[in-house]
Participant: 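One structure coming up, written as C-alpha coordinates, with questions to follow.
Values reported hereafter were calculated over all heavy atoms of this structure, with side chains retained and with hydrogens, waters and symmetry mates removed.
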Amino acid sequence: MSLADNIFIDMCRDILENGVSTEGEKVRPHWEDGSSAYTVKKFGVVNRYDLSEEFPAITLRKTAIKSCTDEMLWIWQKKSNNIHELHSHVWDEWADESGSIGKAYGYQMGVKHPYKEGMMDQVDRVIYDLKHNPFSRRIMTNMYVHQDLCEMNLYPCAHSMTFNVTQKRGKDKLTLNAVLNQRSQDVLTANNWNVCQYAVLLHMLAQVCDMEAGELLHVIADAHIYDRHIPLVEELIARETHPAPKLWLNPEVKDFYAFTRNDVRLDNYVTGPQITNIPVAI
(Lines give C-alpha, C1' and ligand atoms only; values in the text may rest on other atoms or scores of the structure.)
Protein backbone atom coordinates (compact mmCIF):
# COMPACT_ATOMS: atom_id res chain seq x y z
CA MET A 1 0.00 0.00 0.00
CA SER A 2 1.26 3.46 -0.87
CA LEU A 3 1.26 6.33 1.60
CA ALA A 4 -1.13 8.15 -0.72
CA ASP A 5 -3.59 5.25 -0.45
CA ASN A 6 -3.38 5.36 3.34
CA ILE A 7 -3.99 9.10 3.40
CA PHE A 8 -6.91 8.90 0.97
CA ILE A 9 -8.62 6.01 2.76
CA ASP A 10 -8.23 7.61 6.20
CA MET A 11 -9.51 10.95 4.91
CA CYS A 12 -12.59 9.41 3.28
CA ARG A 13 -13.41 7.33 6.38
CA ASP A 14 -13.07 10.40 8.58
CA ILE A 15 -15.41 12.42 6.36
CA LEU A 16 -18.01 9.64 6.19
CA GLU A 17 -17.88 8.80 9.90
CA ASN A 18 -17.30 12.22 11.44
CA GLY A 19 -18.35 14.75 8.82
CA VAL A 20 -21.43 16.96 8.84
CA SER A 21 -24.16 16.98 6.22
CA THR A 22 -25.38 19.99 4.25
CA GLU A 23 -28.72 18.30 3.49
CA GLY A 24 -31.56 20.80 3.75
CA GLU A 25 -29.24 23.80 3.64
CA LYS A 26 -29.05 26.38 0.85
CA VAL A 27 -26.30 25.11 -1.46
CA ARG A 28 -25.04 26.36 -4.83
CA PRO A 29 -24.15 23.06 -6.60
CA HIS A 30 -26.85 21.02 -8.28
CA TRP A 31 -27.14 17.81 -10.25
CA GLU A 32 -27.92 17.60 -13.94
CA ASP A 33 -31.57 16.89 -13.10
CA GLY A 34 -31.75 20.19 -11.19
CA SER A 35 -31.87 18.79 -7.66
CA SER A 36 -29.56 20.18 -4.99
CA ALA A 37 -26.20 18.45 -4.58
CA TYR A 38 -25.67 17.97 -0.84
CA THR A 39 -22.43 16.83 0.77
CA VAL A 40 -20.89 15.28 3.85
CA LYS A 41 -17.96 17.52 4.74
CA LYS A 42 -15.02 18.07 7.05
CA PHE A 43 -13.42 21.41 7.78
CA GLY A 44 -9.66 21.84 7.68
CA VAL A 45 -8.28 18.61 6.23
CA VAL A 46 -4.47 18.66 6.08
CA ASN A 47 -2.51 15.97 4.23
CA ARG A 48 1.29 15.77 3.98
CA TYR A 49 3.15 13.99 1.18
CA ASP A 50 6.93 13.45 1.16
CA LEU A 51 7.81 13.47 -2.53
CA SER A 52 11.35 12.32 -1.77
CA GLU A 53 9.88 9.03 -0.54
CA GLU A 54 7.24 8.27 -3.18
CA PHE A 55 5.00 9.80 -5.81
CA PRO A 56 1.51 10.28 -4.29
CA ALA A 57 -0.69 8.62 -6.92
CA ILE A 58 -3.32 6.40 -5.32
CA THR A 59 -3.53 2.81 -6.57
CA LEU A 60 -7.18 2.24 -5.65
CA ARG A 61 -7.96 3.49 -9.16
CA LYS A 62 -5.88 5.11 -11.88
CA THR A 63 -5.12 8.82 -11.83
CA ALA A 64 -4.48 9.98 -15.40
CA ILE A 65 -1.08 11.58 -14.95
CA LYS A 66 -0.78 13.09 -18.44
CA SER A 67 -4.25 14.64 -18.27
CA CYS A 68 -3.80 16.16 -14.82
CA THR A 69 -0.34 17.42 -15.83
CA ASP A 70 -1.86 18.94 -18.97
CA GLU A 71 -4.39 20.87 -16.88
CA MET A 72 -1.67 22.08 -14.52
CA LEU A 73 0.47 23.27 -17.45
CA TRP A 74 -2.61 24.94 -18.98
CA ILE A 75 -2.79 27.09 -15.84
CA TRP A 76 0.85 27.50 -14.84
CA GLN A 77 2.69 27.39 -18.15
CA LYS A 78 0.23 28.45 -20.87
CA LYS A 79 -1.53 30.74 -18.39
CA SER A 80 -4.68 30.13 -20.37
CA ASN A 81 -8.35 30.46 -19.52
CA ASN A 82 -9.61 28.89 -22.75
CA ILE A 83 -10.64 25.23 -22.79
CA HIS A 84 -9.67 24.86 -26.45
CA GLU A 85 -6.04 24.81 -25.26
CA LEU A 86 -6.75 21.77 -23.07
CA HIS A 87 -6.62 18.13 -24.17
CA SER A 88 -9.40 17.11 -21.75
CA HIS A 89 -12.98 18.20 -21.17
CA VAL A 90 -12.95 18.74 -17.38
CA TRP A 91 -13.73 22.45 -17.77
CA ASP A 92 -16.41 22.26 -20.46
CA GLU A 93 -19.30 22.92 -18.03
CA TRP A 94 -17.84 26.30 -17.03
CA ALA A 95 -16.81 27.66 -20.44
CA ASP A 96 -18.73 30.18 -22.51
CA GLU A 97 -19.38 29.91 -26.24
CA SER A 98 -15.83 31.09 -27.03
CA GLY A 99 -14.26 28.53 -24.68
CA SER A 100 -13.33 31.05 -21.99
CA ILE A 101 -13.79 30.45 -18.26
CA GLY A 102 -13.40 34.16 -17.57
CA LYS A 103 -10.69 35.84 -15.51
CA ALA A 104 -9.93 32.65 -13.62
CA TYR A 105 -6.99 30.29 -13.07
CA GLY A 106 -4.50 30.74 -15.94
CA TYR A 107 -5.65 34.28 -16.60
CA GLN A 108 -4.53 35.31 -13.11
CA MET A 109 -1.18 33.56 -13.47
CA GLY A 110 -0.44 35.54 -16.63
CA VAL A 111 -1.15 39.01 -15.25
CA LYS A 112 2.12 40.93 -14.95
CA HIS A 113 2.90 42.94 -11.84
CA PRO A 114 5.62 45.51 -11.14
CA TYR A 115 8.62 44.41 -9.07
CA LYS A 116 11.91 46.18 -8.53
CA GLU A 117 13.41 43.65 -10.97
CA GLY A 118 10.81 44.57 -13.62
CA MET A 119 7.40 43.40 -14.77
CA MET A 120 6.75 39.73 -14.04
CA ASP A 121 3.76 37.43 -13.71
CA GLN A 122 3.33 35.16 -10.68
CA VAL A 123 4.96 32.07 -12.23
CA ASP A 124 8.03 33.95 -13.45
CA ARG A 125 8.34 35.59 -10.05
CA VAL A 126 8.32 32.21 -8.30
CA ILE A 127 11.02 30.84 -10.59
CA TYR A 128 13.10 34.01 -10.25
CA ASP A 129 12.98 33.92 -6.47
CA LEU A 130 13.70 30.18 -6.25
CA LYS A 131 16.85 30.78 -8.29
CA HIS A 132 17.97 34.07 -6.74
CA ASN A 133 16.33 34.26 -3.26
CA PRO A 134 15.60 30.61 -2.37
CA PHE A 135 15.31 31.19 1.38
CA SER A 136 12.76 33.97 0.99
CA ARG A 137 9.54 33.43 2.95
CA ARG A 138 7.57 35.36 0.34
CA ILE A 139 7.52 32.91 -2.58
CA MET A 140 3.86 32.36 -3.24
CA THR A 141 1.03 32.68 -5.76
CA ASN A 142 -2.65 33.59 -5.47
CA MET A 143 -5.46 33.17 -8.00
CA TYR A 144 -8.29 34.30 -5.70
CA VAL A 145 -8.41 37.94 -6.79
CA HIS A 146 -11.55 39.55 -5.37
CA GLN A 147 -11.79 42.36 -7.92
CA ASP A 148 -12.08 39.77 -10.70
CA LEU A 149 -14.41 37.24 -9.05
CA CYS A 150 -17.45 38.65 -10.82
CA GLU A 151 -15.78 37.82 -14.15
CA MET A 152 -14.87 34.22 -13.24
CA ASN A 153 -17.15 31.41 -14.39
CA LEU A 154 -15.94 29.40 -11.39
CA TYR A 155 -14.09 30.71 -8.38
CA PRO A 156 -10.66 29.04 -8.00
CA CYS A 157 -10.75 25.93 -5.81
CA ALA A 158 -7.00 25.27 -5.52
CA HIS A 159 -6.20 28.94 -5.20
CA SER A 160 -2.70 29.47 -3.80
CA MET A 161 0.74 27.93 -3.46
CA THR A 162 3.40 28.84 -0.92
CA PHE A 163 6.92 27.61 -1.62
CA ASN A 164 9.54 27.05 1.06
CA VAL A 165 13.14 25.94 0.55
CA THR A 166 15.13 23.98 3.13
CA GLN A 167 18.65 22.60 3.35
CA LYS A 168 18.81 18.98 4.51
CA ARG A 169 21.80 17.98 6.57
CA GLY A 170 24.49 16.36 4.47
CA LYS A 171 22.84 17.37 1.20
CA ASP A 172 24.41 19.71 -1.34
CA LYS A 173 21.18 20.45 -3.19
CA LEU A 174 18.42 22.50 -1.64
CA THR A 175 14.98 20.96 -1.08
CA LEU A 176 11.84 22.54 -2.49
CA ASN A 177 8.65 22.21 -0.41
CA ALA A 178 5.21 23.71 -0.97
CA VAL A 179 1.80 24.26 0.60
CA LEU A 180 -1.24 23.92 -1.66
CA ASN A 181 -4.27 25.79 -0.30
CA GLN A 182 -7.70 24.75 -1.48
CA ARG A 183 -10.96 26.39 -0.41
CA SER A 184 -13.14 23.45 -1.49
CA GLN A 185 -12.71 19.96 -2.90
CA ASP A 186 -14.92 17.24 -4.35
CA VAL A 187 -12.92 14.37 -2.84
CA LEU A 188 -13.99 11.59 -5.20
CA THR A 189 -13.48 13.39 -8.49
CA ALA A 190 -10.64 15.78 -7.68
CA ASN A 191 -8.56 14.86 -4.64
CA ASN A 192 -5.82 12.71 -6.11
CA TRP A 193 -6.02 14.60 -9.40
CA ASN A 194 -5.01 17.81 -7.59
CA VAL A 195 -2.41 16.07 -5.43
CA CYS A 196 -0.72 14.52 -8.46
CA GLN A 197 -0.72 17.64 -10.61
CA TYR A 198 0.79 19.81 -7.89
CA ALA A 199 3.30 17.09 -7.01
CA VAL A 200 4.35 17.15 -10.68
CA LEU A 201 4.58 20.95 -10.54
CA LEU A 202 6.82 20.77 -7.49
CA HIS A 203 9.05 18.18 -9.20
CA MET A 204 9.26 20.33 -12.34
CA LEU A 205 10.15 23.51 -10.48
CA ALA A 206 12.72 21.64 -8.38
CA GLN A 207 14.36 20.26 -11.52
CA VAL A 208 14.60 23.58 -13.36
CA CYS A 209 15.91 25.30 -10.22
CA ASP A 210 18.48 22.54 -9.52
CA MET A 211 16.78 21.45 -6.30
CA GLU A 212 15.28 18.25 -4.95
CA ALA A 213 11.55 17.75 -4.43
CA GLY A 214 10.57 17.67 -0.76
CA GLU A 215 7.17 17.85 0.94
CA LEU A 216 3.80 18.84 -0.44
CA LEU A 217 1.35 19.96 2.23
CA HIS A 218 -2.26 19.98 1.03
CA VAL A 219 -4.68 22.11 3.05
CA ILE A 220 -8.40 21.78 2.21
CA ALA A 221 -10.83 24.13 3.94
CA ASP A 222 -13.96 22.21 2.88
CA ALA A 223 -13.28 18.55 1.97
CA HIS A 224 -16.54 16.96 0.92
CA ILE A 225 -18.15 13.87 -0.51
CA TYR A 226 -21.35 14.42 -2.49
CA ASP A 227 -24.43 12.47 -1.46
CA ARG A 228 -24.56 10.56 -4.75
CA HIS A 229 -20.85 9.71 -4.44
CA ILE A 230 -21.04 8.00 -1.03
CA PRO A 231 -21.57 4.42 -2.28
CA LEU A 232 -18.83 4.91 -4.88
CA VAL A 233 -16.38 6.11 -2.23
CA GLU A 234 -17.29 3.26 0.10
CA GLU A 235 -16.58 0.73 -2.64
CA LEU A 236 -13.35 2.50 -3.65
CA ILE A 237 -11.73 2.59 -0.21
CA ALA A 238 -12.53 -1.12 0.34
CA ARG A 239 -10.39 -2.12 -2.62
CA GLU A 240 -7.00 -3.85 -2.66
CA THR A 241 -4.05 -1.46 -2.74
CA HIS A 242 -0.65 -1.70 -4.45
CA PRO A 243 2.85 -0.20 -4.07
CA ALA A 244 3.32 3.40 -5.15
CA PRO A 245 4.43 4.01 -8.74
CA LYS A 246 7.67 5.72 -9.74
CA LEU A 247 7.58 9.14 -11.38
CA TRP A 248 9.65 9.64 -14.52
CA LEU A 249 10.21 13.29 -15.38
CA ASN A 250 12.24 14.01 -18.50
CA PRO A 251 15.68 14.91 -17.08
CA GLU A 252 16.66 16.79 -20.25
CA VAL A 253 14.18 19.62 -19.61
CA LYS A 254 15.77 22.54 -17.75
CA ASP A 255 13.27 25.26 -18.70
CA PHE A 256 9.82 25.14 -17.09
CA TYR A 257 8.24 26.46 -20.28
CA ALA A 258 9.66 23.55 -22.28
CA PHE A 259 7.80 20.83 -20.35
CA THR A 260 4.89 19.04 -22.02
CA ARG A 261 2.50 16.41 -20.72
CA ASN A 262 4.64 13.82 -22.54
CA ASP A 263 7.59 14.60 -20.26
CA VAL A 264 5.79 12.87 -17.38
CA ARG A 265 5.20 9.15 -16.85
CA LEU A 266 4.31 6.83 -13.98
CA ASP A 267 6.21 3.53 -14.05
CA ASN A 268 5.05 0.33 -12.35
CA TYR A 269 1.62 1.84 -11.80
CA VAL A 270 -0.71 -1.02 -10.84
CA THR A 271 -4.25 0.07 -9.96
CA GLY A 272 -7.78 -1.05 -9.43
CA PRO A 273 -10.41 -0.47 -12.14
CA GLN A 274 -11.56 3.00 -13.02
CA ILE A 275 -14.92 4.25 -11.74
CA THR A 276 -17.08 5.30 -14.68
CA ASN A 277 -20.14 7.51 -14.97
CA ILE A 278 -19.45 9.53 -11.82
CA PRO A 279 -22.20 12.18 -11.49
CA VAL A 280 -20.66 15.66 -11.43
CA ALA A 281 -22.26 18.49 -9.47
CA ILE A 282 -22.21 21.85 -11.25
Participant: Okay, side chain of D186, backbone of A190: is any donor-acceptor separation there less than 3.5 Å?
Facilitator: no
Participant: Count I, L, V, M, F, W, Y as connected when their side-chain heavy atoms are under 4.5 Å apart, and connections chain through other members. Are M143 and V90 then in the same cluster?
Facilitator: yes
Participant: Taking T22 for the side chain and T39 for the main chain, is one N or O donor matched with an acceptor at less than 3.5 Å?
Facilitator: yes
Participant: Would you check if the side chain of W74 reaches a backbone N or O of N82 as a donor-acceptor pair within less than 3.5 Å?
Facilitator: yes
Participant: Given the rule that I, L, V, M, F, W and Y join up when any side-chain heavy atoms are under 4.5 Å apart, are V165 and L216 in one cluster?
Facilitator: yes
Participant: Atom CZ of R48 and atom CD1 of I7: how far apart are they, to the nearest 0.5 Å?
Facilitator: 10.0 Å
Participant: State plainly whether one hydrophobic cluster holds both I15 and V195, where clusters connect Ile, Leu, Val, Met, Phe, Trp and Tyr through side-chain heavy atoms under 4.5 angstrom apart.
Facilitator: no
Participant: Do N142 and Q122 have side-chain atoms, one donor and one acceptor, less than 3.5 Å apart?
Facilitator: no
Participant: To the nearest 0.5 Å, what is the distance between CD (E71) and CG (L86)?
Facilitator: 6.5 Å
Participant: Report yes if the side chains of M152 and Y107 come closer than 4.5 Å at any heavy-atom pair, otherwise no.
Facilitator: no
Participant: Honestly, is R125 close enough over Y115, meaning NZ or CZ under 6.0 Å from the six-membered ring centre and within 45° of the axis?
Facilitator: yes
Participant: Do K79 and V123 have side chains that approach each other closer than 4.5 Å (heavy atoms only, starting at C-beta)?
Facilitator: yes
Participant: Is there a donor-acceptor contact under 3.5 Å linking the side chains of N192 and T63?
Facilitator: yes
Participant: Closer than 3.5 angstrom, by distance alone: can the side chain of Q274 be matched with the main-chain N or O of K62 as a donor-acceptor pair?
Facilitator: yes
Participant: Could you walk me through whether Q182 and N191 satisfy the side chain to side chain contact (heavy atoms under 4.5 Å, CB included) test, starting with their C-alpha distance in whole Å, then the side-chain angles of each, then the deciding distance to 0.1 Å, before giving a yes or no?
Facilitator: CA-CA 10 Å; Q182 193 151 3; N191 179 263; over 6 Å; no
Participant: Testing the basics here: between S100 and G102, what is the closest heavy-atom pair and its distance to 0.1 Å?
Facilitator: OG-N, 2.9 Å
Participant: Name the one of Q77, Q197, H87 that satisfies side-chain hydrogen bond (donor to acceptor under 3.5 Å, both in side chains) with D70?
Facilitator: H87
Participant: Backbone N or O of K103 within a donor-acceptor pair of the Q108 side chain at under 3.5 Å?
Facilitator: yes
Participant: In the structure I gave you, are the side-chain heavy atoms of W248 and I65 within less than 4.5 Å of one another anywhere?
Facilitator: no
Participant: Measure from the side-chain N and O atoms of K78 to the backbone N and O of E85, and report whether any donor-acceptor pair falls under 3.5 Å.
Facilitator: yes
Participant: Would you say E32 has more than 12 foreign heavy atoms packed within less than 6.0 Å of its CD?
Facilitator: no
Participant: Between L73 and F256, is the side chain to side chain contact (heavy atoms under 4.5 Å, CB included) condition met? List the steps.
Facilitator: CA-CA 10 Å; L73 292 175; F256 178 68; 4.3 Å; yes
Participant: Quick check on E23: does its CD atom have over 12 non-hydrogen neighbours (other residues, nucleotides or ligands) under 6.0 Å away?
Facilitator: no
Participant: Does L249 reach the side chain of F259, with side-chain heavy atoms less than 4.5 Å apart?
Facilitator: yes
Participant: Identify the two heavy atoms, one from D267 and one from R265, that lie closest to each other, and give their separation to 0.1 Å.
Facilitator: OD1-NE, 2.7 Å
Participant: Going from OG1 on T271 to CD on E240, what distance comes out if it is rounded to the nearest 0.5 angstrom?
Facilitator: 11.0 Å
Participant: Does K66 reach the side chain of N262, with side-chain heavy atoms less than 4.5 Å apart?
Facilitator: yes
Participant: Between S35 and D33, does any side-chain donor sit less than 3.5 Å from a side-chain acceptor?
Facilitator: yes
Participant: Got a second to check how far S98's OG is from H84's NE2, nearest 0.5 Å?
Facilitator: 6.5 Å
Participant: Taking a hydrophobic cluster as the set of Ile, Leu, Val, Met, Phe, Trp and Tyr residues connected by side-chain heavy atoms closer than 4.5 Å, whether directly or through intermediates, do Y269 and L236 fall within one such cluster?
Facilitator: no
Participant: How many angstroms lie between atom OG1 of T69 and atom CZ of R261, to the nearest 0.5 angstrom?
Facilitator: 10.0 Å
Participant: Say whether, by atom type as modelled, one donor and one acceptor occur between the side chain of N153 and the main chain of W94 under 3.5 angstrom.
Facilitator: yes
Participant: Assign the ring pair Y155 / Y144 to parallel, tilted or perpendicular, where the plane angle (0 to 90°) is split at 30° and 60°.
Facilitator: perpendicular
Participant: Do side-chain atoms of R239 reach the backbone of P273 as a donor and acceptor pair under 3.5 angstrom?
Facilitator: yes
Participant: How long is the span from the CG atom in D210 to the CG atom in L176, to the nearest 0.5 Å?
Facilitator: 12.0 Å
Participant: When you look at CZ of F43, are more than 12 heavy atoms from neighbouring residues, nucleotides or ligands closer to it than 6.0 Å?
Facilitator: no
Participant: Please report the closest heavy-atom contact between T141 and S160, naming both atoms and the distance.
Facilitator: O-CB, 3.1 Å
Participant: Can you see which heavy atom on L154 is nearest to which on Y105, and at what distance?
Facilitator: O-CE1, 4.4 Å
Participant: Are Q207 and V253 close enough, and set up right, to give a side chain to side chain contact (heavy atoms under 4.5 Å, CB included), and what steps lead you there?
Facilitator: CA-CA 8 Å; Q207 180 165 301; V253 181; 4.3 Å; yes
Participant: Within the structure provided, determine whether V187 and V45 are in side-chain contact (heavy-atom separation under 4.5 Å).
Facilitator: no
Participant: Identify whether I127 and M109 are in the same connected component of the hydrophobic contact network (ILVMFWY, side-chain heavy atoms under 4.5 Å).
Facilitator: yes
Participant: Can you tell me if N177 and T166 form a side-chain donor-acceptor pair at under 3.5 Å?
Facilitator: yes
Participant: Answer yes or no: is there a donor N or O on one side and an acceptor on the other, between the side chain of D5 and the main chain of I58, under 3.5 Å?
Facilitator: no
Participant: NZ of K254: more than 12 outside heavy atoms within 6.0 angstrom?
Facilitator: yes
Participant: Shortest non-hydrogen contact from H159 to R183?
Facilitator: CD2-N, 3.6 Å
Participant: Quick one: which residue pairs count as a ring pair (Phe, Tyr, Trp, His ring centres under 6.0 Å) with a foot in residues 210-240, not counting sequence neighbours?
Facilitator: W31-Y226, W31-H229, H224-Y226, Y226-H229
Participant: Is there a donor-acceptor contact under 3.5 Å from the side chain of D121 to the main chain of D124?
Facilitator: yes
Participant: Would you say that Y198 contacts V179 through its side chain, given a criterion of any heavy-atom pair below 4.5 Å between the two side chains?
Facilitator: no
Participant: Of all the heavy-atom pairs spanning K42 and D14, show the shortest one and how long it is.
Facilitator: CE-OD2, 3.1 Å
Participant: Just wondering, do N47 and M11 contact through their side chains at under 4.5 Å, heavy atoms?
Facilitator: yes
Participant: Test side chain to side chain contact (heavy atoms under 4.5 Å, CB included) on T59 and V270; report intermediate values, then the result.
Facilitator: CA-CA 6 Å; T59 70; V270 179; over 6 Å; no
Participant: Can you name the one residue among I139, L201, L202 that meets side chain to side chain contact (heavy atoms under 4.5 Å, CB included) with M161?
Facilitator: L201
